[in-house]
Amino acid sequence: MPLGKTVIDITSQAKIHCVLHLTWACVCAKDGVDPETSRHQPLKMEQMCLRSAQSLSYNRSVMKFAALLLLLLATLVVSGCGPDDGTPEDSLCSADEAPTATLGKGVGSAFIPYEDNEEVGIQPASQGGFGVPVLVRTTGLTAGSASVADVQLNVEEGGALVGEFLQENTGLSCRGDDIGGEVRGVVVGFDPEVYATNDDLLVLDGTTVDLVVTVIDEEGNSATVRKPVIIRVGG
Amino acid sequence: MHFRFALLVALTTATLGCNPLNGKDVSDINSCTDCHQGIEPAHPFLPEQTCTSCHGGKEDGSSMKEAHVPIPADWAEIRGTALPPAPEGFIKDFAPNQLAALDPAYLQFINPSDIRVVDKTCGVCHPDNVATMPNSVMVTNAGHYYPTLFLAGLQNDTLAQYGSYPASADSCDEAEGSVCELSTLSPSSDEEIRAAINSGDPTQLEQVAYEHYLAKNCNTCHQAGYPRNNSPGLYRSTGCASCHMLYAQDGTYGGNDPMIPKGTPVYPKTHRLTTAIPSQQCATCHFQGGRIGLTFRGIREGGFGASNTPPNAAPINETLYGHAPGYYLSDEDTTNAIDETPPDVHFAAGMHCVDCHVGSDVHGTDKVYSNSKQQFDIRCEDCHGTVRDRVVPNESGVFETAGGRPLPQLSSREDGAITLKGRVDGAIHIVPQPADMLAEGGSATESMHVAMGDDRLGFSHADKLTCDTCHTSWTLKCIGCHVSYDLRLSQIDYQTGQSSSGLTRGGRSNYSLDTVLLATSLGGRVQSAAPSQQVQMAIIGSEKFGTEDGEVLLGERVDDGNGGTKVLGKFRTGDGGRVANNGFLPFFQHTTSRAPRKCSACHRTADTPEETTRVRGVYGFGTGEFMLQGAGGVTVDGLQFLDSDGNPTTDWAYEGAGPVAPEIRQRAINVVIDEDRP
């Protein structure tokens, strides 16, 4: 299969949804829910709980129905049930353009690119060690749900290497072709033997270091970002 | 009738296509699954369940805005400024106090199983578990607070006062370690810090430092609050979903709902509750503390740097649990064919934590216990029987723990074999019964008879020792813990989710993988022991609080031998001159091995002074190998809890635990065995 933009066939996946959908229809029928609108009148939890207690006998009904579902599945395979537009649910990001990488911060879906000389806080990790968790967004690298990359995480102070870490086989997910790939939550560390005491750390406080991150995709394509940031110890 | 109707619906659906949005206008949206098509049923055994019965919101809302519970107006205020940037409404890194302040409807919308709303959701069908859950140490985290405070001399008894969640119980019994109430521990304010400094009372100052230390370092692992949720290995939810909804190592969703973004944390693997909980899920918390989430899987904590990393070790090159790649090791020495830190034999066989720890072990009871050892009742013998009796079911045919808790995972096969059905994969495991092996005609070797069988006086080691005393392959002993509380800096705490004055920084002084140390367990038998809460606190002042920047308020600044200085923490002198905060606890390492330790691990191989000294070290007389430097020129052996006369040199934070009884240890030390005995 060629790399780059690839449409993933989710037809079979969608068919499974259909079976679920039909199972739900069965439930609706059993419970007298209006099958035309599929609108389920929400049961109170107490009612559901009672039904759960009856689940053994109910499950037997479901088991009987399983054979029928298999027949229906066969019908569905014949009739087709995929989305019309063929939109991939889980695309691969394009690797056609020149590789780039951007460093940022945020949790959840947030991504805020670091500005040059932005202040970043060092976070202590459990049982020792300090680092800066970073997000890396990429373009021009192969990224997708099954894509992995190696990430080299270096810290340079005044051109000297003061922390060097290799992250292997980390997920490089695709956030969409308009956004690119993303590696989340990797930690750029600071050598704890170099920064053994708080006094050592405080020397770092307010100094400018370069966070240098290189992402290498499965094909060996790489993108490097160097971002000068001002270290703030504590938070 | 139902079948025919369903068939009609099915064929109609098949003909029209299954994507409900196909050809529909947005105004046609009339149920959650119109958008969240394909989302996994969270609770498949409850098919009548709708989205809103758990999550709240409006089932027939015609738009996302109408269907979803709105983001509370005070969300940004509650979030504050200490947490990292997040999308609007994001709460999956909120600390307990923040979750408590949040609109319950919104909390339920994001996580229906959160402990603050769970009585309306999971609790309707599972009232017993939900009623006891707030009391469980899995929620209260109580065992992380009081031992530290007790050893620091900041409380006089060994009963919990604090927890991450304000638990309460109708009855309590000090003798069993249960308490009627726990309160939460928030770090002291700037005013309180100033008052403590100005008081000139070192105890007040230590109280402040320990409060900050506990809230800022020991408070991310409990079901009452989210962890940081920003780094691989840490991703999880709160409440029931902490365990019962699985998260991938990278916190991303791998299910079928097109509305949930792929490749972006923080989402469960799939929208599915399960009791098949793999050990990796447990390790989202249990990589800390006793590190059993690591050791059980054969992972050992390295810690960077030459002093912590053997020259030929195999590092795990992943960001894991908030540490940069290389912090953890999978093998001590890649140049040999031995795995020096193998996984527990149960894990290697495909079993997981939940194959032993279910029921009240995790869900708690009606009691609020001070630590996990008081709450847990599972023992090796519950599945394996004793050396004299195989395990037998009760009158109803159900196997149960000694405490009477059913063990439905156990069965008896027709051929008499005891089997365990794995919760995660359903695999059937034969559970060896030592009594069968040791019986006449059994498979036990001579060594096994010596180790476990009755001697001519009817004595068996198993009468006095827990199984893991011998069946432990390696240990991860962290010896000494330098903690500094530095008022020049600030740090977020995980009780309030806000930043406050003082950065707490902890780190072990030494580690050992193969040291054997024995003590008396809470049940009265001998068990492996480990250093615990050996905190040496140092407090460093700042101009903000009226001292000089960097002034050492507790502890001592000394030459570091490299042209610089370092700050040493203080050991506390307790009653009778004991070094109180050089703590130990009996501890099951979760590195069970089929092959036991050699007899020479605990007995002498020759009647020589060297051998006597070595074996005395096993019983707490010290080894001289791990000397901890404290303020004021105090040097303490990190593996010593008895003086040369056998008097205790430390306090024990666990009622009933302590050194091995004098008569037992002396008898054990007196034994001289053949060096070649396996």
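Note on naming: letters A, B, ... go to the chains in the order of the sequence lines (proteins, then strands), and numbering restarts at 1 for each one.
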Self-check item: Greatest number of heavy atom pairs closer than 4.5 Å to chain A - which of B:Gly263, B:Pro325, B:Gly564, B:Gly326
Solution: B:Pro325
Quiz item: What part of B:Asp250 is in contact with chain A, defined as an atom under 4.5 angstrom from a non-hydrogen atom: side chain, backbone, both or neither?
Solution: neither
Self-check item: Polar side-chain atom of B:Asn317 near backbone of A:Glu168 as donor-acceptor pair, under 3.5 Å
Solution: no
Quiz item: Given that the side chain runs from C-beta out, which part of A:Leu135 has a heavy atom under 4.5 Å from chain B: side chain, backbone, both or neither?
Solution: neither
Quiz item: With only heavy atoms counted, which part of A:Thr170 is less than 4.5 Å from chain B, the side chain, the backbone, both or neither?
Solution: neither
Exercise. Test the B:Arg228-B:Tyr494 pair against the cation-pi criterion, namely NZ or CZ under 6.0 angstrom from the six-membered ring centroid and within 45° of the ring axis.
Key: yes
Exercise. Could you tell me which of A:Leu172, A:Asp205, A:Leu201 has the largest number of non-hydrogen atom pairs under 4.5 Å with chain B?
Key: A:Leu201
Self-check item: Selection from A:Asp150, A:Val186, A:Asp199, A:Leu153 maximising heavy-atom pairs under 4.5 Å formed with chain B
Solution: A:Asp199
Self-check item: All ring pair (Phe, Tyr, Trp, His ring centres under 6.0 Å) counterparts of B:His286, not counting sequence neighbours
Solution: none
Quiz prompt | Partner chain A: residue of B:Gln249, B:Glu88, B:Arg488, B:Lys216 with the largest heavy-atom pair count (under 4.5 Å) | solution = B:Arg488
Practice problem: Below 4.5 Å from any heavy atom of chain A, which atoms of B:Pro265 appear? Answer side chain, backbone, both or neither. | Solution: both
Quiz prompt | Side-chain donor or acceptor of B:Arg557 paired with backbone N/O of B:Gly550 under 3.5 Å | solution = yes
Quiz item: So, B:Lys566 and A:Asp200, do they make that salt bridge, N to O below 4.0 Å?
Solution: no
Self-check item: Winner by heavy-atom pair count (cut-off under 4.5 Å) against chain B, out of A:Gly108, A:Gly131, A:Pro133
Solution: A:Gly108
Quiz item: Counting heavy-atom pairs under 4.5 Å to chain A, which of B:Pro87, B:Ser231, B:Ala86 comes out on top?
Solution: B:Pro87
Quiz item: Got a donor-acceptor contact below 3.5 angstrom from the A:Glu119 side chain to the A:Ile231 backbone?
Solution: no
Quiz prompt | Backbone of B:Glu59 reached by a side-chain donor or acceptor of B:Thr52 within 3.5 Å | solution = no
